[in-house]
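Notes follow once the structure below has been shown.
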Amino acid sequence: QVQLVESGGGLVQAGGSLRLSCAASEGTFSDYSMGWFRQAPGKEREIVARISQSGGNPYYADSVKGRFTISRDNAKNTVALQMNNLKPEDTAVYYCSARRGIGVYVTAQFYDYWGQGTQVTVSS
């Protein structure tokens with residue numbers, strides 16, 4: 001069982017940048033595809049980005065394409081989300097997630113493990 005801890009959230013003005021990081025412990029990190037999801041008040045949890053076990057085949061939600069970049073370091077058991085040109089609509093709690101096995105899955109129900117979440121607030 002993998003345990004996930006996010007960090008790096010905060011308050012930023014529109015147009016600014018933040019870098020989220022997720023550290024994994026227990027289990028074999030390279031066995032898991034990793035995802036970043038977000039959930040705004042009153043809304044469902046939605047995919048932001050995901051990355052395969054090897055670090056390839058990244059997927060991005062249309063709303064963040066060209067602004068966000070997901071990456072992972074299997075030697076350090078970490079996955080990161082670089083967020084640039086942030087918009088007020090990016091405000092949400094961001095969650096790191098892990099899914100064991102292959103395949104591209106972009107809905108929360110298919111992910112097995114979750115971090116506690118980190119708040120990102122973008123002011124206009």
Inset, instruction - Over all heavy atoms of both residues, which pair between Gln116 and Leu4 is shortest? Give the atoms and the distance, please. - result: OE1-O, 3.8 Å
Inset, instruction - Would you name the heavy atoms of Arg67 and Asn85 that are closest together and state the gap between them? - result: NH1-O, 2.9 Å
Legend entry - Verify same cluster id: Tyr113, Val48 (apolar side-chain graph, 4.5 Å): yes
Inset, instruction - Grab the two heavy atoms, one from Tyr95 and one from Gly115, that are nearest each other, plus how far apart they are. - result: CD2-O, 3.7 Å
Inset, instruction - Find out if a path of hydrophobic residues (ILVMFWY) with successive side-chain heavy-atom gaps under 4.5 Å connects Tyr59 to Tyr111. - result: yes
Legend entry - With sequence neighbours excluded, residues passing ring pair (Phe, Tyr, Trp, His ring centres under 6.0 Å) with Tyr105: Phe110
Legend entry - Minimal non-hydrogen separation, Pro58 against Ile70, with atom names: CB-CG2, 4.0 Å
Inset, instruction - Using a 4.5 Å cut-off on heavy atoms from C-beta on, say whether the side chain of Glu89 contacts that of Val122. - result: no
Inset, instruction - Using the rule that two of Ile, Leu, Val, Met, Phe, Trp, Tyr join whenever any of their side-chain heavy atoms come within less than 4.5 Å, decide whether Ile47 and Phe68 are in one cluster. - result: no
Can you give each donor-acceptor pair under 3.5 Å made by side-chain atoms of residues 9-30, sequence neighbours left out, with the distance rounded to 0.1 Å?
unit_1 : atom_1 : unit_2 : atom_2 : d
Ser17  : OG     : Asn84  : OD1    : 2.9
Arg19  : NH1    : Gln82  : OE1    : 3.3

With a 3.5 Å cut-off and sequence neighbours excluded, list the donor-acceptor pairs that the side chains of residues 32-40 form with protein atoms.
unit_1 : atom_1 : unit_2 : atom_2 : d
Tyr32  : OH     : Arg100 : NH1    : 3.4
Ser33  : OG     : Arg99  : O      : 3.3
Arg38  : NE     : Glu46  : OE2    : 2.8
Arg38  : NH1    : Asp90  : OD1    : 2.9
Arg38  : NH1    : Tyr94  : OH     : 2.9
Arg38  : NH2    : Glu46  : OE2    : 3.4
Arg38  : NH2    : Ser63  : OG     : 3.4
Gln39  : OE1    : Arg45  : NE     : 3.2
Gln39  : OE1    : Arg45  : NH2    : 3.3
Gln39  : NE2    : Lys43  : O      : 3.1

Legend entry - Separation of Asn57 CG from Ile51 CD1 (nearest 0.5 Å): 9.0 Å
